[in-house]
Every structure is written in C-alpha cells, then in structure tokens.
Amino acid sequence: MKKFFYICSFLVALVAMCSCGNKDNGIYPFKEETKYLTVRLQGSDKWSIINIDNGDIVAKNAISGEPSAVHEDMFYVYDNETARINYYNVADCSKPVNSKPYCSATSFNGGYAVACLPGEDLQVIDKNCATVKKLPPSINTASLFLGDLAMVKDDMGLSGFIDTKGDTVIGPHLGLANAFLFDDAALVSESQVADTTAVSSLVVINKKGEKLFDFDSDKYMPINRYFINGTLKVMLIKDKKIAYLDKKGQETTDTLALPKKIAQAGYRDVKHIGNDRYMVIKGDRMGLVDSNNDTLINTMYDGIINITPSRFIVAQDSVMTIVDEKGKPVGNAKFVDFIDSNNFEEAAGRGYVNTGKVAATILQLFDKDAVFNARKGATLMEINQVVGVNPENYVGATDLSGPLPPLIFTYHFDREIASLTATTPSTNDSVPAAATTAQSSAQFNYNAVVKGVTLQFPVRECKPGTEEEILQIISQQMGKKGFGINDDGTFTSDDGCVVVMGYEKGIFLLNYYFDNSNVKPLQRVSRTN
C-alpha cells in the first residue's frame, strides 16, 4: 500500500503541479483558490470536509455518497443507490441546494457549472442551482468551465465551446480540442472527424475561435496539451530536442526552466509548482525547495501534493495530513483518502440516449448463430481476447469481461479459463504470445468453450422506462435477425441460439446463449427515478 500510494501521489502531483501555481503566472485553472478539502478520516468510511486555512474539520463524517472537491463553497455528492447527484454548500451539508436531483454534473468555477436532469438536455446553472440556459439537444457532453468556457461535444463527437451564459462561442466543428486551461490559447484540430489523432490539421486558436497559427506538424510534435505561461512545450521531430512555441508559433525560451542550483542537485525528479518553488524526489522521498534549493519541506515524505500555493498534503505510511509551505502542520486531522481539488477533467452528459441508435448498435453485435466475434463451439483461443493478459488474474474464473464503450460485454465459458495445473500450450504461431511469456505456473485453458455472452448498457442517467423502450425496439427487430419469440418472452433461432433480455438497477441486459440448456430468465425491474 505504501509503495502504491507513493507512485500514485507523484503521478497526481505532476498534474497538480501544473495547476496550482501562482495565479499571476496563469497556471491555476480555478478562479478561486481551494478553501476546503474533502477527505476520508482515518478509521471512517464516510467523508468529511476540512478548512485548509486552519485545519478545522467543518463537516465530520457528514457525507455518505461519493463527493466532489469543494469549489467556491459548493460540492456535489453522487448517490450510488439512485445514481443521482445533489449539490451542497459547505455551510449546510445536510440540505441540497437543488430541488431536483441531477443525473450528471460538474464542479463550479467562476460561479457556474453544467448539470443535467434525468431525461433532459444539459444546462448551465448558477450557485443557486437555477437554470441559466438549457443547451441544444445536439450537445452530448460538456466540461466544467475553464477560462469562462466549457468544452462541448455533439452527437458526432465534434468539439466546440460555450460561455457561462450557455451561448455558443465556438461551434462544434473541431475534431480534436483541448481546453483553455491555463491560458487564452488552445491546441485544436480543424478536422471534421471526431477525436482524430492526425496532427496534420492541428492549429492554435484564441477564445473567439480565431486562428493564431498553423501548427507545423512536419517540424514539431506537441508534448503538452495546454499552453502554460504563454508557451506550448513541443519536440523537434528532426533533432529530438525540446522546444517551446509562443502564441505566434515562434520558438521561445522555457518560461519554467529549472534554476541551475536545482538542476545540478542530483534529484531523481523535480517539477516547478509556481511561486519559485519545486517539488523534488530524492531517493524514494519527496520534499519541497525554493529556487535557491533551500529546503521548504524536508525530503522525508512518501508523497506530497499541493492543493493551493500555500497548502500541501503530505503522506507517511498511507496516512495523510495538511502542512503549509514550510512543512508546518495545519490542524491535526489525519486522513487516508481525499478528493483531488485540481481535477479539471470533469464533464456532464446529456440525460437521455437515442434508444433507436442504442438498439441498432446492440442488434449489430449478434446474429442467429454468432455474437460479438464468437460462434457456437468457439474456444478461448479463437476469440483471442487474452493477448498480453496475465493468466494469474483469471485462475478459477469462468468469465472474461471487457469494455465496448458504451457497452460492457462478458464471455461465459464452460470451464475455468485459467488454472495452475493446465498443460502448457503449444508455442506455434496460432497461440497468443501471452501463453508462453507468463512468469508463473498459471496458464490459460485455450480449449475452454464459450457458452454465451452478456451485453450490458447502463442507462441510469436516463429517465425511467428507457430500458423497456430499448427492449421493445430490439424485440420488434428480432425476426429480421432470424429469431422467433417464445411464450416466456425469450427468442430462439433456427440454429438453437437463445436471446434473453431484461433490466435492473438502470442497466439494460441481453444474454446470448449458444443452446437452451443454460438459459436463465432476466428480471425487468423498473425504476422510479
């Protein structure tokens, strides 16, 4: 646990370091500095809130669900049972600010957030949870506000930006977009293909959508996604050297270059966090120094994360506390988990799905004799889903799951798919490499036969009845797929394959069986919210 926390802490710190410096340097993504920290106190399974100025616990064990970070005195809580979200003010953690629960939401920044009611379109809200403006139905997702703009995506996956009034500033026509996170310039793609990875169409724009310069993809490869202190970090493709571009596309100096005393100090790793301070790693311990390499926080901790320019979380043996910029304790609260107040990648999703498209997508995944790359009698080797996977993780398991966004699928086999006593498989070319490279006695049973497949589609963010609507649309199309309906509502093909549908807890379920000997009914449990 200690090693795991240390690694995770430093990775998080590397992100946080870019977002928690002096706001005058333009590298702080939130308009107001964090005043509170959401934590899970040592020995508790609930969440509390700490005032980081003095370390006082202002709400002890007051939150049962999954909370967000606190920004501008506001936070939200996700209820796992209902899949609904409520906003709260730190002044009263017992009463929601909103009158109706949301199905998705972002944190507040600059007085505004994006949220969505079940079955409705996204909307911009103020800190009273009053609707500022509803977004068009074509908008599928929206990020939190960064630099007074939220990045939105439409049904085609193209990106654009809206302001805090909910008005479109840059229409969704960008194939790839990065937020105006620390600056008023952003790296985007003008390609009409959503989420393109091609760099040939990259340009840099301002907040009005005006082009600042064409990114020369033959000469540079972007290293950072965002402009920081007016520069974008890139690599010179020819020389494999680091360079920095200004907002005119011209090479310039590194505004965050390490001071000589720190660069030559022999640290294992170092990162600037603003205010001429640097997080450092010496051996397996972390600390904080200034630009003269004078110690601010002793290099003695398993992990350090800056939550504001003057407050830090430090960890020893998986227990965390808060200290100031000189390492002096702030309060005496000890906690084992916290919510990252520098998370700027939140996004809210629309409160409904196109049930016709969802049904069509699911229908494409199976036929009268096959489902998702598997046919009757198919073995683990034939479906080829374990290349590069450690068999030790599946010893004794008869199921193999994986994501198929937004679907989740699970293969069911007639026996264990991995065991400690299996015969070592052949090393010919037809056997995946994982079979011969595993560093243990565990081996996959590649002759395990697929019995069937489960497809899951979560619709908890949608209004009640969405599951039944999907089920009915699929049912009406089953005849075209070669299936006939049975008296119990299941479907059987001429090849003997059986489809069973149901839903529970906001998840639509479809089970596909290769024969009727293992068929089990699925419940249809409706929701009320």
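None of the values given here were measured: they were computed from a predicted structure. Positions are given from 1 along the sequence.
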**Study point:** Arg311/Glu33 under salt bridge (Lys or Arg N to Asp or Glu O under 4.0 Å): CA gap, chis, key distance, verdict
**Key:** CA-CA 10 Å; Arg311 292 293 183 267; Glu33 288 184 9; over 6 Å; no
Point to revise | Pair Lys31 + Asp148, salt bridge at N-O below 4.0 Å | key: yes
Exercise for review: Quick one: pull up CZ in Phe30 and CG in Asn343 and give me the separation to the nearest 0.5 Å.
Suggested key: 7.0 Å
**Study point:** Criterion side-chain contact (heavy atoms from CB on, under 4.5 Å) against Phe215, the qualifying member of Val188, Val203, Leu245
**Key:** Leu245
**Study point:** Side-chain heavy-atom pair Thr321, Pro329 within 4.5 angstrom cut-off
**Key:** no
**Study point:** Gln123 and Thr131 side chains, donor-acceptor separation under 3.5 Å
**Key:** yes
Practice item. Side-chain contact test, heavy atoms from C-beta onward, threshold under 4.5 Å: evaluate it for Phe344 versus Leu146 and give yes or no. Key: yes
Exercise for review: Check whether any side-chain heavy atom of Glu461 lies under 4.5 Å from a side-chain heavy atom of Tyr352, and answer yes or no.
Suggested key: no
Check your understanding: Can you tell me how far OG of Ser341 sits from CD1 of Ile52, rounded to the nearest 0.5 angstrom?
Key -> 7.0 Å
Check your understanding: Is the closest basic N to carboxylate O distance between Asp155 and Arg350 below 4.0 Å?
Key -> yes
Check your understanding: Would you call Val499 and Leu510 a side-chain contact if the rule is heavy atoms closer than 4.5 Å?
Key -> yes
**Study point:** Minimum heavy-atom distance Gly230-Asp183, with the two atoms named
**Key:** N-OD2, 2.7 Å
Check your understanding: Has the side chain of Arg527 got a donor or acceptor atom that lies under 3.5 Å from a matching backbone atom of Cys462?
Key -> yes
Exercise for review: Check whether any side-chain N or O of Ser159 sits under 3.5 Å from a backbone N or O of Lys153 as a donor-acceptor pair, and report yes or no.
Suggested key: no
Exercise for review: Answer with yes or no whether the side chains of Ser310 and Glu325 bring together a donor and an acceptor at under 3.5 Å.
Suggested key: no
Review point. Taking Ser44 for the side chain and Leu41 for the main chain, is one N or O donor matched with an acceptor at less than 3.5 Å?
Key: no
Exercise for review: Indicate yes or no for a side-chain donor-acceptor contact from Asn306 to the backbone of Pro309 under 3.5 Å, with no hydrogens or angles considered.
Suggested key: no
Check your understanding: When you look at Leu296 and Val289, which way does the side-chain contact (heavy atoms from CB on, under 4.5 Å) test go after all the steps?
Key -> CA-CA 5 Å; Leu296 300 175; Val289 299; 5.6 Å; no
Practice item. Decide yes or no for Ile50 and Tyr36: does some side-chain heavy atom of the first lie under 4.5 Å from some side-chain heavy atom of the second? Key: no
Review point. Is a donor on one side and an acceptor on the other found under 3.5 Å between the side chain of His272 and the backbone of Leu258?
Key: no
Point to revise | Centroid separation Phe372 to Phe409 less than 6.0 Å | key: yes
If you look only at distance, which donor and acceptor atoms sit under 3.5 Å apart when one is on a side chain in residues 167-177 and the other is two or more places apart or in another chain?
from, atom 1, to, atom 2, distance (Å)
Asp167, OD1, Lys133, NZ, 2.7
His173, ND1, Gly171, O, 2.7

Point to revise | Where Pro222 and Leu202 come nearest, the two heavy atoms and their spacing | key: CG-CD1, 4.2 Å
Check your understanding: Quick one: are the ring centres of Tyr87 and Phe108 less than 6.0 Å apart?
Key -> yes
Practice item. May I have all residue pairs that pass salt bridge (charged side-chain N to carboxylate O under 4.0 Å, His left out) and include part of residues 62-79, sequence neighbours excluded? Key: none
Review point. Does Thr410 offer a backbone N or O that forms a donor-acceptor pair with the side chain of Ser401 under 3.5 Å?
Key: no
Review point. Would you say the side-chain atoms of Thr164 pair up with the backbone N or O of Tyr112, donor to acceptor, closer than 3.5 Å?
Key: no
Check your understanding: Can you tell me if Asp56 uses its side chain to pair, donor with acceptor, with the backbone of Gly331 under 3.5 Å?
Key -> no
Point to revise | From CA spacing to verdict: salt bridge (Lys or Arg N to Asp or Glu O under 4.0 Å), Arg225, Glu345 | key: CA-CA 13 Å; Arg225 294 168 55 193; Glu345 296 188 346; 3.6 Å; yes
Review point. Between Asn128 (side chain) and Ala130 (backbone), is there a donor-acceptor pair under 3.5 Å?
Key: no
Check your understanding: Is Lys247 atom NZ crowded by more than 12 heavy atoms from other residues, nucleotides or ligands, each under 6.0 Å away?
Key -> yes
Check your understanding: Is it the case that more than 12 heavy atoms not belonging to Glu210 sit under 6.0 Å from its CD atom?
Key -> yes
Check your understanding: Is the NZ atom of Lys207 crowded by more than 12 outside heavy atoms at less than 6.0 Å?
Key -> yes
Review point. Below 4.5 Å, heavy atoms only, C-beta onward: do Phe75 and Asn89 meet side chain to side chain?
Key: no
Practice item. Verify, without hydrogens or angle tests, whether Asn178 (side chain) and Leu187 (backbone) share a donor-acceptor contact under 3.5 angstrom. Key: yes
Check your understanding: So do Val330 and Asn54 actually touch side chain to side chain, heavy atoms under 4.5 Å?
Key -> no
Review point. Should Gln250 and Tyr244 be marked as a side-chain hydrogen bond (donor to acceptor under 3.5 Å, both in side chains) after you check the CA-CA gap, both sets of side-chain angles, and the distance that decides it?
Key: CA-CA 8 Å; Gln250 303 298 313; Tyr244 295 84; over 6 Å; no
Practice item. Verify side-chain contact (heavy atoms from CB on, under 4.5 Å) between Leu236 and Lys219, making sure each step is shown before the conclusion. Key: CA-CA 6 Å; Leu236 292 165; Lys219 186 175 182 180; 4.3 Å; yes
Review point. Heavy-atom distance under 4.5 Å between the side chains of Tyr102 and Ile125, does that happen here?
Key: yes
